[in-house]
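Reading through the structure tokens given below for one structure.
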Amino acid sequence: MHLTEEQKMLRQMAQEFAGNELAPVAAEIDETSEFPLENLKKMGELGLLSVHFPEEYGGSGMDTVSFALAMEEIAAACGATALSVAAHASLCCGPIYAFGTEEQKKKYLPDLLSGKNLGSFCLSEPSSGSDAGGMITRAEADGDTFVLNGAKQWVTNGGYADVFVVFAKTDPDKGTQGISAFIVEKGTPGFQPGKKENKMGLRASDTRQISIDNVRIPKENLLGELNQGFKIAMHTLDGGRIGIGAMSLGLARAAMEHATRYAKERIAFGRPIADLQAIKWYIADMATGIEASRLLVHNAALLRDAGKPYTKEAAMAKLFASEHAMKTATKAIQILGGYGYIRDYPLERIFRDTKLVEIGEGTSEVQRLVISREVLREIS
Ligand code: COS
């Protein structure tokens with residue numbers, strides 16, 4: 001795929017940062033579950049949290065392809081850090097930029113894009129995930145304020161974020177047409193992150209439930225129009241899926257690279273196992289799927305940058321890249337055999353980290369639903 005000089009430079013910078021700062025600590029923070037706050041701050045200073053946002057609000061002024069390139073490099077070094085970046089950039093800065101008033105953008109974006117503040121997104125609830133419209137959190141107007149009550153689940157960056165985009169029902173009888181989006185600031189009374197979830201993978205990323213008890217926010221914190229929140233969520237997830245597709249790509253590439261290096265060194269039956277046809281076929285399948293994933297991710301990014309519809313393409317990119325990443329991580333472990341199964345090598349962590357990309361920001365089943373709906377609409 002053709003890249004501009006600017007895109008190549010950004011990729012190079014992201015690769016160097018990821019190689020020097022993220023990769024060396026990835027195993028350690030997986031073990032300790034320590035949130036990579038310092039590295040996120042450094043990434044803010046380098047512009048890696050703001051790649052595809054305009055300079056006017058403190059962004060780097062680049063495009064979505066550039067964002068995908070950066071995400072791939074970050075994820076290839078540390079999946080947990082990549083997930084934090086995805087939640088911050090796509091899911092919090094994304095909707096504030098796309099739907100915020102000028103005042104909201106000026107108030108929130110510069111500090112988010114510079115990394116001074118961290119962002120988060122609260123859509124899922126303890127009893128509603130794939131059925132996002134099934135949320136029960138309520139927001140009721142009261143004078144100049146809205147009062148929110150309910151709970152949110154799987155909130156990435158939940159314990160560290162300063163700014164949260166929160167969805168709640170403003171007209172419960174209207175289903176998805178009765179949901180609104182709000183901006184809630186950290187420390188607002190009643191808005192309380194719970195304990196950090198003890199996850200299988202991406203252990204350094206911070207995932208929490210948030211309880212919302214009589215959280216009173218000013219009316220000007222409504223994001224977008226009243227009762228348009230579900231569309232804001234769907235639009236946000238379209239963009240987010242490009243980021244998770246790119247993250248999947250980075251995880252897959254890291255798995256393939258570790259396994260290939262091992263296959264070239266490991267001797268069995270008198271020669272490196274990379275000479276065995278079974279291993280060669282695994283490597284060929286890994287590499288082909290990674291290339292296809294990258295093309296799908298970049299295609300969705302190009303459509304987004306061109307202002308064209310990209311819902312289907314983003315879902316395809318996320319679906320294909322995440323499932324291929326899981327296949328690649330599985331085969332990579334197979335190549336290492338027992339060594340793939342122990343923590344001395346990074347593949348065990350990559351395998352655990354990768355499982356999430358088939359679940360987060362819409363499961364594979366939701367992506368298939370989104371894709372099939374579009375195809376059924378297209379073909380008369
Ligand atoms: N962009 C803008 N609007 C969209 C949209 C999109 N990508 N997708 C749907 N909408 C609109 C529809 O056009 C419809 O509008 P009208 O009410 O004007 O007709 C409205 O949103 C409701 O859409 P739909 O009928 O498709 O809603 P469903 O309840 O059937 O939900 C799915 C559809 C399953 C696709 C949705 O709930 C979803 O994406 N779930 C997964 C959520 C997810 O990814 N969670 C992870 C969060 S990361 S923590």
Side-chain angles (χ1 to χ4, degrees), residues 82-95 98-99 119-137 150-159 161 164-181 193 197 199 202 205-210 223-245 247-248 300 303-304 307-319 322 355-378:
L83 188 69
S84 270
V85 176
H88 169 87
S90 302
L91 303 186
C92 181
C93 302
F99 298 98
S120 184
F121 178 81
C122 303
L123 177 68
S124 295
E125 300 194 351
S127 58
S128 66
S130 292
D131 179 14
M135 69 178 66
I136 51 180
T137 294
K152 293 291 170 179
Q153 186 80 14
W154 316 129
V155 180
T156 303
N157 298 338
F164 299 77
V165 171
V166 180
F167 296 86
K169 287 229 157 126
T170 31
D171 196 340
D173 297 332
K174 285 198 184 156
T176 54
Q177 295 186 354
I179 291 170
S180 301
E197 298 289 357
K199 304 194 298 287
L202 301 169
S205 91
D206 189 82
T207 312
R208 300 190 190 230
Q209 190 181 93
I210 293 192
L223 180 63
E225 286 173 36
L226 192 71
N227 293 334
Q228 291 299 304
F230 192 77
K231 286 180 186 165
I232 294 175
M234 293 299 109
H235 181 276
T236 300
L237 288 169
D238 285 345
R241 287 165 187 162
I242 297 175
I244 300 297
M247 174 178 165
S248 307
L303 288 170
R304 183 178 190 273
K308 296 192 174 149
Y310 66 98
T311 297
K312 181 183 72 178
E313 289 77 7
M316 285 176 164
K318 199 268 187 187
L319 172 67
S322 62
K355 185 59 208 169
L356 186 273
V357 290
E358 293 185 316
I359 300 170
E361 294 199 28
T363 60
S364 290
E365 293 72 21
V366 163
Q367 308 310 323
R368 288 189 166 87
L369 183 72
V370 170
I371 296 163
S372 62
R373 278 181 178 183
E374 296 289 326
V375 174
L376 286 163
R377 242 197 297 270
E378 283 163 13

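Counting starts at 1 for both ligands and their atoms, following the listed order. Because the structure is a prediction, the values reported are computed rather than measured.
- Neither the backbone nor the side chain of Thr363 has a heavy atom within less than 4.0 Å of ligand 1.
- Contacts between Val155 and ligand 1 below 4.0 angstrom, taking non-hydrogen atoms only, are absent altogether.
- Within the 4.0 Å heavy-atom shell around ligand 1 one finds Ser130.
- Counting only heavy atoms of the protein, atom 46 (C) of ligand 1 lies nearest to Gly362 N, 3.6 Å.
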Let me have the donor-acceptor pairs involving side chains of residues 83-91, under 3.5 Å, with sequence neighbours excluded, atom names and distances please.
unit_1	atom_1	unit_2	atom_2	d
Ser84	OG	Asn157	OD1	2.8
His88	ND1	Gly119	N	2.9
His88	NE2	Leu112	O	3.0

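- With hydrogens and angles left out, the side-chain atoms of Thr207 and Lys199 include a donor and acceptor closer than 3.5 Å.
- Counting heavy atoms from C-beta outward, Gln153 and Glu197 have side chains that approach closer than 4.5 Å.
- Using a distance-only test at 3.5 Å, with no hydrogens or angles considered, no donor-acceptor pair links the side chain of Lys169 to the main chain of Ser180.
- Geometrically, ligand 1 and Val366 share no nitrogen or oxygen pair separated by less than 3.5 Å.
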Report the C-alpha separation of Arg304 and Glu313 in whole Å, then their side-chain angles, then the decisive distance to 0.1 Å, and conclude whether the side-chain contact (heavy atoms from CB on, under 4.5 Å) test is met.
CA-CA 10 Å; Arg304 183 178 190 273; Glu313 289 77 7; over 6 Å; no
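- Per-residue contacts place Thr311 under 4.0 angstrom from the following atoms of ligand 1 (heavy atoms of the residue considered): 7 (N).
- Counting protein heavy atoms only, atom 27 (O) of ligand 1 is closest to Phe230 CE2, 3.6 Å.
- In this structure a side-chain-to-backbone donor-acceptor pair under 3.5 Å is missing from Lys174 to Asn227.
- Of the listed options Arg373, Arg241, Lys231, Lys231 places a heavy atom closest to atom 11 (C) of ligand 1.
- Between the Lys152 side chain and the Glu125 main chain, no donor and acceptor come within less than 3.5 Å of each other.
- For atom 35 (C) of ligand 1, the closest non-hydrogen atom on the protein side is Val370 CG2, 3.8 Å.
- Val357 and Lys318 make their closest contact through O-NZ, 2.7 Å (heavy atoms, listed as atom of the first residue, atom of the second, distance).
- Taking every heavy atom of Leu369 and a limit of under 4.0 angstrom, the matching atoms of ligand 1 come to 34 (C).
- Nearest protein neighbour of atom 29 (O) of ligand 1, counting heavy atoms only, is Thr176 CG2, 3.8 Å.
- Side-chain rings of Phe121 and Phe167 approach one another, their centers coming within less than 6.0 Å.
- Each of the following atoms of ligand 1 lies closer than 4.0 Å to a heavy atom of Glu361: 44 (O), 46 (C), 48 (S).
- Backbone and side-chain nitrogen or oxygen atoms of Ser124 are examined, and none is located within less than 3.5 angstrom of a nitrogen or oxygen of ligand 1.
- A 4.5 Å side-chain heavy-atom check between Ile136 and Ser128 finds every atom pair outside the cut-off.
- Scanning the protein heavy atoms around atom 19 (O) of ligand 1, the nearest turns out to be Gln177 NE2, 4.2 Å.
- Looking only at distances, no side-chain donor or acceptor of Glu358 sits under 3.5 Å from a matching main-chain atom of Thr363.
- Proximity of a side-chain donor or acceptor of Gln367 to a complementary backbone N or O of Gly362 within less than 3.5 Å is detected.
- For ligand 1 and Ala132, the ligand atoms under 4.0 Å from any heavy atom of the residue are 37 (O).
- At the top of the distance list for atom 43 (C) of ligand 1, counting protein heavy atoms only, stands Leu237 CD1, 3.6 Å.
- The atoms of ligand 1 that sit less than 4.0 Å from any heavy atom of Asp238 are 1 (N), 6 (C), 7 (N).
- By the definition of a contact as any protein heavy atom under 4.0 Å away, atom 32 (C) of ligand 1 is not in contact.
- Annotation: atom 9 (C) of ligand 1 to nearest protein heavy atom, Met234 CG, 3.8 Å.
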